[in-house]
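First up is the structure itself, then whatever we jot down about it.
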Amino acid sequence: MSAALLFFDGIGIGEDDPEKNPFARYRSKFFRAFIDGNNFRAEYDGIIVPTDATLDVPGYPQSATGQTAIFTGVNAAEIMQGHINGLPTPTLRKVLLSESIFLKLKRLGKKATFANAYSKHYFELRGEKLSATTYAVMASQVPFRWYDKELQDGKAVPADLTGEFLKRFYPDVKIITPEESGKIIADLLSEYDFVMYEFPFTDEAGHNQDFELALKYIDRIERFLDSLLTNTDLNEHLIILTSDHGNIEDLSIKTHTLNKVPTIIWGKGKEKVAMSIRSILDITPTIIKYLTDQI
């Protein structure tokens, strides 16, 4: 029994309006929930839970505090007395390094991995200005996966699901399909108790109000999910998809939204897991309870 956490940045539940919402225009199989709608089921018998991302703090939810909350279960916005955008601050880094889901699972004797492919230059160029997911992994000293090793060997997934972004900087990057990325995650689920993957580009499309780019990414995500869910034994494993705040679901504005985010749950025990999630603060505690047979 294993669990996967799929994090997609900047996806909220918006209106069923194809002029604003690319999910409405695409007619997604997975992101079917709309404001004032009544369809909370996704393909492959998934359950969609509208999930609060405001953390009971005034203002628009932001990435640094929202992601820290997801990956730790700690109310980062409350600690910071407001929502913090961009990358984690020194205070948030301390929270991630002490409360990371990876660290908590390691202490419980669970085997965890982060599926994204990195480049060594990422660390050299950015210093301490790293993503929340990176700090969450670093907390447990789980080995990173590299574009020039694990990605080449079919054991890592590019952040954009294909490798096209990495190839702009590293011509030798192996380009793969979203379907291949889905199969890689499915294979990792048979080796690890917990697998995490992050897709950051949906937030970019939202801020740019770029419908064409948004539809391109949605199609890529749909193909990835089709492959992952087809290749995973959903009688044995759990898959959770969530986000940190709304954005891409309303391209009439450049900012984040106050909309709830879709947490989509597939697989073994999905009904009980769905009942335990109401806020993004519930993601880490729920996964830990699931993997320790408390759910």
Side-chain angles (χ1 to χ4, degrees), residues 6-37 39 42-43 46 48 53 60-63 66-67 85-87 115-117 119 131 133 147 151 157-171 173-185 197-229 241-264:
L6 313 175
F7 169 67
F8 289 84
D9 197 333
I11 295 179
I13 296 175
E15 299 175 38
D16 189 359
D17 181 352
E19 297 304 311
K20 290 183 178 180
N21 188 349
F23 292 107
R25 188 176 297 187
Y26 187 93
R27 305 318 298 183
S28 169
K29 295 191 298 184
F30 300 105
F31 299 90
R32 290 173 171 169
F34 297 106
I35 295 172
D36 298 328
N39 188 351
E43 200 79 5
I48 304 172
Y60 289 106
Q62 301 291 338
S63 295
Q67 291 171 29
N85 65 3
L87 299 170
N116 287 56
S119 73
S131 69
T133 47
Y147 88 87
L151 180 57
V157 175
D160 65 351
L161 295 173
T162 64
E164 293 171 16
F165 179 80
L166 272 172
K167 200 170 184 67
R168 298 181 196 174
F169 309 98
Y170 311 106
V173 164
K174 179 182 179 181
I175 298 296
I176 63 177
T177 65
E179 289 81 2
E180 289 175 296
S181 286
K183 179 65 164 56
I184 291 167
I185 300 288
Y197 163 73
E198 173 187 23
F199 185 95
F201 297 97
T202 30
D203 194 46
E204 171 199 359
H207 284 304
N208 290 336
Q209 297 177 282
D210 190 330
F211 241 107
E212 183 178 352
L213 186 62
L215 292 170
K216 172 184 173 181
Y217 286 149
I218 292 170
D219 183 69
R220 193 176 289 183
I221 293 166
E222 298 269 318
R223 292 166 58 192
F224 162 74
L225 291 173
D226 259 329
S227 173
L228 169 58
L229 294 163
L241 182 155
T242 198
S243 189
D244 52 349
H245 53 73
N247 186 355
I248 194 176
E249 80 283 1
D250 187 353
L251 294 184
S252 69
I253 56 174
K254 288 185 176 182
T255 63
H256 295 173
T257 71
L258 293 172
N259 293 332
K260 291 185 177 182
V261 301
T263 297
I264 313 179

Verdict with reasoning, Phe224 to Leu6, per side-chain contact (heavy atoms from CB on, under 4.5 Å): CA-CA 11 Å; Phe224 162 74; Leu6 313 175; 4.2 Å; yes

Side-chain donor/acceptor of Asn116 to backbone N/O of Glu198, under 3.5 Å: yes

Donor-acceptor contact below 3.5 Å, side chain Thr162 vs main chain Ile175: no

Separation between CD1 of Ile185 and CG of Leu225, rounded to the nearest 0.5 Å: 10.5 Å

Nearest-0.5 Å distance that lies between atom CD1 in Ile218 and atom OG1 in Thr202: 9.0 Å

Flag if over 12 foreign heavy atoms under 6.0 Å of NZ, Lys254: no

Euclidean distance, Ile264 CD1 relative to Glu43 CD, rounded to 0.5 Å: 11.5 Å

From CD1 (Ile176) to CD1 (Ile184), nearest 0.5 Å: 4.0 Å

Test item: side-chain donor near acceptor, Gln67 and Asp244, under 3.5 Å: yes

CA sep, side-chain torsions, deciding dist, call: Phe201, Arg220, side-chain contact (heavy atoms from CB on, under 4.5 Å): CA-CA 11 Å; Phe201 297 97; Arg220 193 176 289 183; over 6 Å; no

Gln62 versus His256, side-chain donor and acceptor atoms under 3.5 Å: yes

Over 12 foreign heavy atoms within 6.0 Å of OH, Tyr60: no

Candidate pair Tyr170 and Ser119, rule side-chain contact (heavy atoms from CB on, under 4.5 Å), full reasoning: CA-CA 9 Å; Tyr170 311 106; Ser119 73; 3.0 Å; yes

Worked check of side-chain contact (heavy atoms from CB on, under 4.5 Å) between Asp203 and His245: CA-CA 9 Å; Asp203 194 46; His245 53 73; 3.0 Å; yes

Intermediate values then yes/no, salt bridge (charged side-chain N to carboxylate O under 4.0 Å, His left out), Arg27 and Asp16: CA-CA 10 Å; Arg27 305 318 298 183; Asp16 189 359; 2.9 Å; yes

